[in-house]
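For reference, the structure discussed in these notes is given below.
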There are 2 protein chains.
Amino acid sequence: MKPNVAAPQTRDRLIAAMLDALRGRGYHGVGLSELLASAGAPKGVLYHHFPGGKAELAAVAVRVAIDNMLSSLDRLFEKHADPAVALAAWMDGAQKQLRSSAYERGCPLAAIALESTPDDVAIRSALAEGFAAIRARIAAALENHGVEPAMASRIAMLILAAYEGALLQARVAGRSDALRDTSAALIALIDAQPRSPR
Amino acid sequence: MKPNVAAPQTRDRLIAAMLDALRGRGYHGVGLSELLASAGAPKGVLYHHFPGGKAELAAVAVRVAIDNMLSSLDRLFEKHADPAVALAAWMDGAQKQLRSSAYERGCPLAAIALESTPDDVAIRSALAEGFAAIRARIAAALENHGVEPAMASRIAMLILAAYEGALLQARVAGRSDALRDTSAALIALIDAQPRSPR
DNA sequence: GATTCTATAGACCGGTCGGTCTAGTGTCTA
DNA sequence: TAGACACTAGACCGACCGGTCTATAGAATC
């Protein structure tokens with residue numbers, strides 16, 4: 001009756017392989033066989049764990065990626081009282097990950113977001129909800145720091161947009177300037193805000 | 001010797017079809033046959049105009065997309081003296097295009113950027129140069145408006161990143177809030193800057 | 001009018017795609 | 001120890017992938 005405790009490994013390996021693929025080449029960019037090879041799993045396993053095939057695996061991977069981002073944001077906001085500092089650390093982390101992977105590993109959400117069509121209901125809704133959740137976390141941190149709610153929500157939107165856009169540009173440029181400059185501009189602008197609720 | 005004057009139509013239709021595909025589903029998301037069907041052209045034509053095949057067509061399409069963006073930016077900065085106003089108009093244009101296409105048509109550069117790997121040298125360098133050129137235009141407009149050069153360059157980076165990131169989110173969400181909010185936040189922050197004015 | 005060159009046209013190809021199917025293995029329950 | 005079940009394993013499939021090839025149409029050159 002109970003699910004086998006040792007079993008989930010393979011499932012997790014599949015998810016990790018998909019995440020890696022999404023980061024590097026996008027959903028359509030990776031073939032199933034390549035994916036399975038990098039997970040060290042045969043085909044049958046995929047359809048056992050994800051009857052919906054590649055698309056279902058991707059949708060699950062998206063949810064996992066979002067959970068990861070949320071918890072890493074939570075960690076940052078807990079560690080740094082000032083959201084601007086947390087933001088800088090966040091961007092810095094992205095920079096490091098990008099550089100240490102020879103500019104291959106960007107954000108797993110962005111790639112699949114741009115490849116998706118309105119027909120991909122499951123993936124699009126997972127993405128939309130995920131992005132909203134991330135924005136909500138950032139907005140909450142800003143509010144805690146005294147930013148007026150409506151403005152906090154808008155700035156959170158800007159921050160996430162800037163994060164994704166900067167990561168994208170840094171990746172194709174093969175240099176992390178984009179992330180550094182975006183982060184610097186963002187923080188300069190926020191700090192220069194007239195209401196300084198400190 | 002002279003190139004046929006009436007001929008380029010087909011070539012242009014191929015480029016347009018590729019641009020459309022990149023906007024909607026990304027590079028790997030569209031098949032050659034689908035592409036050719038939507039351009040109303042047989043296979044031989046593609047390899048006549050683009051011996052490098054799909055990849056070469058994509059690289060050319062990227063350059064065209066960049067030219068388009070540059071000239072539409074030029075038009076906006078010419079029309080609006082205040083860069084913040086021009087920026088708002090830019091974002092507004094993206095919003096309209098997205099909405100009028102049922103949230104299918106995003107930025108043709110972003111999708112292929114995220115699908116590309118370091119091996120895709122031609123495409124990556126075209127993209128990187130293109131993004132740099134776009135940032136340079138924005139930075140120039142800011143400088144003309146009295147923003148200090150180093151800061152202008154950083155803010156230009158932020159603006160382009162925010163544009164791409166917001167477009168991406170608006171597309172998956174199926175609503176244009178992301179673009180509206182990002183634009184509002186950006187302008188609010190820039191306007192609140194202590195003007196080192198002119 | 002023959003030749004040449006650009007452009008159009010689509011049959012055709014091997015390879016890979018995502019997906020299905022059957023078989024085997026190990027473990028827990030009865 | 002028999003059966004059920006979760007999981008692993010990979011052969012196999014039709015469809016479609018990007019790409020090559022030959023044939024032809026039409027204008028320009030001689």
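Within every chain, numbering begins at 1; the chains are lettered A, B, ... in the order of the sequence lines, protein sequences first and strands thereafter.
Taking atom NE2 on A/H28 and atom C1' on D/dG18, their separation rounds to 16 Å, with Å as the unit. Straight-line distance from the CZ atom of A/F50 to the C1' atom of D/dC7: 13 Å, rounded to whole Å. Atom CG of B/L46 and atom C1' of D/dG18 are 10 Å apart (whole Å). Put simply, NZ on B/K54 is 20 Å from P on C/dG15, counting in whole angstrom units. Distance, B/E34 CD to D/dG18 C1': 14 Å, rounded to whole Å. Following rounding to the nearest Å, B/R13 (CZ) and C/dA7 (P) show an atom-to-atom distance of 13 Å. If you measure from atom CD of B/Q9 to atom P of C/dA9, you get 12 Å, rounded to the nearest angstrom. Taking atom CG of B/L36 as the reference point, atom P of D/dC16 lies 15 Å away to the nearest angstrom.
A donor N or O paired with an acceptor N or O is found under 3.5 Å between the base of D/dG19 and the side-chain atoms of B/K43.
Place B/G40 and A/Y27 on DNA chain C by their nearest nucleotides, and B/G40 ends up nearer the 5' end.
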Given A/L186 and A/Y163, is the side-chain contact (heavy atoms from CB on, under 4.5 Å) satisfied, shown in steps?
CA-CA 10 Å; A/L186 212 37; A/Y163 173 85; over 6 Å; no
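Set against C/dT8, D/dT20, D/dG10, the side chain of B/V45 has C/dT8 as its closest nucleotide. The side chain of B/Y47 sits closest to D/dT20 out of C/dT20, C/dT8, D/dT20.
Across all strands shown, B/G31 has heavy atoms under 4.0 Å from sugar-phosphate atoms exclusively, and none from any base.
Within the 4.5 Å cutoff, side-chain heavy atoms of A/M157 are placed close to those of A/R135. Taking 4.5 Å as the limit, every side-chain heavy atom of A/M69 sits out of range of all side-chain heavy atoms of A/F131.
Inspection of the B/Q9 and B/R13 side chains reveals no N or O donor paired with an N or O acceptor under 3.5 Å.
Distances shown here put every side-chain N or O of A/H48 at or beyond 4.0 Å from the OP1 or OP2 atom of D/dA9. OP1 and OP2 of C/dT16 both lie 4.0 Å or more from every side-chain N or O belonging to A/S33.
Salt-bridge formation is not detected for the pair A/E129/A/R124: no Lys NZ or Arg NE/NH1/NH2 atom is positioned less than 4.0 Å from an Asp or Glu carboxylate oxygen.
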